Amino acid sequence: MLLDPSFYRRDNVVTVARELLGKALFTKVDGKITAGMIVETEAYSSVERGCHAYDNRMTDRNKVMFNDGGLAYVYLCYGIHHLFNVVTNATGKADAVLVRALEPLEGVGHMKKRMAVEGEARITSGPGKLSKALGIDRQLNGETLWSRQLWLEDIGQNPGNGRIVRSRRVGIDYAGKDAALPWRFTIKGNNWISK
DNA sequence: TACGTGATCACG
DNA sequence: GTGATCACGTAA
C-alpha cells in the first residue's frame with residue numbers, strides 16, 4: 001500500500017526515521033522496476049549541526065528540504081555518490097531522513113547490472129550503493145514519493161520495538177556534540193546494514 | 001589507513 | 001573567482 005503524504009508530514013523526524021524501517025522503496029528508471037526494504041535510516045533536523053539545513057540555512061542544494069514532507073532530497077557526496085533522503089515535516093521545517101541501507105526485494109538482476117557485480121554481492125548495503133543500484137541520482141531531487149519513477153509502500157513488514165536498534169549517526173564528526181545523538185535506526189540482525 | 005572525485009559553500 | 005570540505009566506498 002502506497003504511503004500517504006501524511007506519513008511524511010509529521011513534525012518528529014526521529015519518529016518518521018524509525019517508522020521507515022520495514023517500508024519498501026521502489027524506483028522505475030529506464031523502464032526497470034527495482035525495490036528494497038529499508039533496514040537502516042538516520043534522522044536530520046534543522047535544529048542540530050549534522051543537518052545541511054542547520055539553523056535554517058537554505059542553499060541551492062538543500063532548498064528541497066524546506067518543502068512540505070514527502071519529497072526526495074538527493075545530492076552528490078564526495079563527487080561520486082548520490083545520497084537519497086526523505087523530506088519530512090511541514091513547509092519551512094527543514095527535516096529529512098537519510099536512507100542508508102535496503103534489503104533487495106525486486107529487480108535484483110537490474111541492480112547487479114548497474115553495480116557491475118555478480119553473485120551474492122551486498123549491492124544495497126550503504127547509502128551510495130543503494131542509490132546506484134536503484135538508479136537514483138539528482139534528476140530525482142524534488143520528486144514526490146508517490147511519483148511514477150519513485151515511491152514508497154507499506155509492505156506489512158514493520159519491525160516491532162524489540163527488533164529496532166538505535167545508535168549514533170555515521171560520518172558526521174563535523175557536527176560536534178550533535179554527532180552523539182542516537183538518531184540512527186537499524187533492524188536488529190539484518191544482513192544488509194552498512195558497515 | 002589513504003584517497004578518488006566534483007559539486008557546493010563561505011569567503012569577500 | 002578560489003579553496004576547503006564532504007551524511008561514501010574500496011582497496012590495502
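Computed from a prediction, not measured in an experiment: that's the story for all the values here. Chain naming here is simple, since letters A, B, ... match the order of the sequence lines and numbering starts at 1 in each. What you see below is based on every heavy atom in this structure, not just the backbone, and it leaves out hydrogens, waters and symmetry mates.
- When each of C:dA7, B:dC9, B:dA7 is scored by its nearest atom to the side-chain atoms of A:Leu76, the top-ranked nucleotide is B:dA7.
- Distance CZ (A:Arg122) to P (C:dC8): 16 Å, rounded to an integer number of Å.
- Regarding A:Asp60, its CG atom lies at a distance of 20 Å from the P atom of B:dG6, rounded to whole Å.
- Nearest-nucleotide mapping onto DNA chain B: of A:Arg138 and A:His81, the residue sitting toward the 5' end is A:His81.
- Shown here is A:Glu106, whose CD atom has more than 12 heavy atoms of other residues, nucleotides or ligands within 6.0 Å.
- A:Val16 and A:Trp183 fall within a single hydrophobic cluster, where Ile, Leu, Val, Met, Phe, Trp and Tyr side chains are chained together by heavy-atom contacts under 4.5 Å.
- Contacts of A:Leu98 with the nucleic acid, taken as non-hydrogen atoms under 4.0 Å apart, include base atoms.
- Between A:Arg184 and C:dA7, a side-chain N or O to OP1/OP2 separation shorter than 4.0 Å is absent.
- Listed candidates were C:dT10, C:dA7, B:dT5. Nearest to the side chain of A:Lys195 is C:dT10.
- Regarding contacts with the backbone of B:dC9, a side-chain N or O of A:Arg61 is found under 4.0 angstrom from either OP1 or OP2.
- Separating the CG atom of A:Leu130 from the P atom of C:dG9 is a distance of 8 Å, rounded to the nearest angstrom.
- Without hydrogens or angle criteria, A:Arg122 side chain to A:Asn191 main chain gives a donor-acceptor distance under 3.5 Å.
- The nearest whole Å value for the distance from the CD1 atom in A:Ile172 to the P atom in C:dC6 is 12 Å.
- Linking ILVMFWY residues whenever their side-chain heavy atoms come closer than 4.5 Å, directly or via other members, places A:Tyr8 and A:Phe185 in the same cluster.
- For A:Pro127, the listed nucleotide lying nearest its side chain is C:dG9; candidates were B:dG4, C:dA7, C:dG9.
- With A:Tyr75 as reference, A:Leu83 is the one residue of A:Leu83, A:Asn141, A:Asp137, A:Asn62 to meet the side chain to side chain contact (heavy atoms under 4.5 Å, CB included) rule.
- As judged by a 4.0 angstrom heavy-atom cut-off over every strand, A:Gly79 is placed among the base-contacting residues.
- Screening A:Val14, A:Val13, A:Leu98, A:Val97 against A:Glu42 for a side chain to side chain contact (heavy atoms under 4.5 Å, CB included) leaves a single residue, A:Leu98.
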* Watson-Crick or G-U pairs under 3.5 Å in DNA chain C, rendered as dot-bracket with [ ] for crossing pairs and | for another strand -> ||||||.||||.

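- Cation-pi geometry between A:Arg10 and A:Phe7 is satisfied (NZ or CZ under 6.0 Å from the ring centre, within 45° of the ring normal).
- Stacking is not found between A:Tyr78 and the pyrimidine-like six-membered ring of the B:dG6 base under the 5.5 Å centre-distance and 30° plane-angle cut-offs.
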